[in-house]
Amino acid sequence: MDNEYLGHQVPGNKSRIVAFKWDGLTDRNRPPWSDPFDRPDGVGNALQSPTTAIFGVINWDTAFSSRAFFANEVHRLVQKVRTSYPVSMDIIIRTGQYYCCASDMDAFWKRRYSRLRNRHYDHYIVQQFREQLGDTRKISVWDVASLTERRPYKARDAEVNFCPANHARSEVINIENQILMNAMCN
């Protein structure tokens, strides 16, 4: 994000989209995922608090984080959201991408994917946001994995076999994002 956009006013009834590229809540992020929250002016103040925040972090976490590390980072994220954003902000948890079939044996990456692991991490982050913030904020789930799981098996299998990591391809992710934006705006 360019600093030139910080502090600019958003005209009434318009939206500001602010995106942070995180490789999940893993320790592979450079700079760390928490940096936007740790700035002296705070993520909410510097970027003019959004009305909705979407958190989609599961795929990298499932692949590269232990359950204990992930649980700790989710707790940190929830606390940073609590202190950085107003209670009027809606939260959408974007689940991890559909994953299928093969184990990753790449010696460098050492990914630990499985459909059940993805689902477990999905459920955990949703549960934590709802338990810790659900009494004061609206928490919704955008379950992108179920979009692909509802397709015929042959279509799913052919699709993920084109992606070396065995999860949904970028074209499918773009469609998922478009559906979400249409749902939010219409």
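No experiment lies behind these values; they were computed from the predicted model shown. Excluded from the calculations below are hydrogen atoms, water molecules and symmetry mates; all remaining heavy atoms, backbone and side chain alike, are included.
Residues that satisfy the side chain to side chain contact (heavy atoms under 4.5 Å, CB included) test with Val126, not counting sequence neighbours, are Ile93, Arg130, Val141. With sequence neighbours excluded, the residues that form a side-chain hydrogen bond (donor to acceptor under 3.5 Å, both in side chains) with Gln79 are Arg82, Gln132.
Applying the salt bridge (charged side-chain N to carboxylate O under 4.0 Å, His left out) test to every pair with at least one member in residues 67-76, sequence neighbours left out, gives these pairs: Glu73-Arg76.
Contact annotation: the side chain of Ile179 approaches that of Trp142 to within less than 4.5 Å [non-hydrogen atoms, C-beta and beyond]. Side-chain contact between Phe64 and Asp27: absent, with no pair of heavy atoms (C-beta onward) separated by less than 4.5 Å.
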Can you list the steps and then say if Asp122 with Arg117 is a salt bridge (charged side-chain N to carboxylate O under 4.0 Å, His left out)? CA-CA 9 Å; Asp122 286 338; Arg117 187 173 164 90; over 6 Å; no
Please step through side-chain hydrogen bond (donor to acceptor under 3.5 Å, both in side chains) for the pair Gln178 and Asn174, ending with a clear verdict. CA-CA 6 Å; Gln178 187 63 51; Asn174 289 339; over 6 Å; no
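Shortest non-hydrogen contact noted between Asp61 and Tyr121 is O-CE2, 3.5 Å. For Trp60 against Gly24, the heavy-atom pair with the smallest separation is CB-N, 3.7 Å. Considering all non-hydrogen atoms of both residues, Leu133 and Val81 come closest at CD1-CG1, 3.9 Å. Taking each heavy atom of Arg137 and Ile91 in turn, the nearest pair found is CD-CD1, 3.8 Å. When all heavy atoms are compared, the tightest approach of Asp23 to Arg28 is OD2-O, 4.3 Å.
Judged by distance alone, the side chain of Asn59 and the main-chain N or O of Gly96 form no donor-acceptor pair under 3.5 Å.
Between Phe37 and Trp33, the ring-plane angle classifies as perpendicular under the 30° and 60° cut-offs.
A cation-pi geometry, defined here as NZ or CZ lying under 6.0 Å from the six-membered ring centre and within 45° of its normal, does not hold between Arg94 and Phe55.
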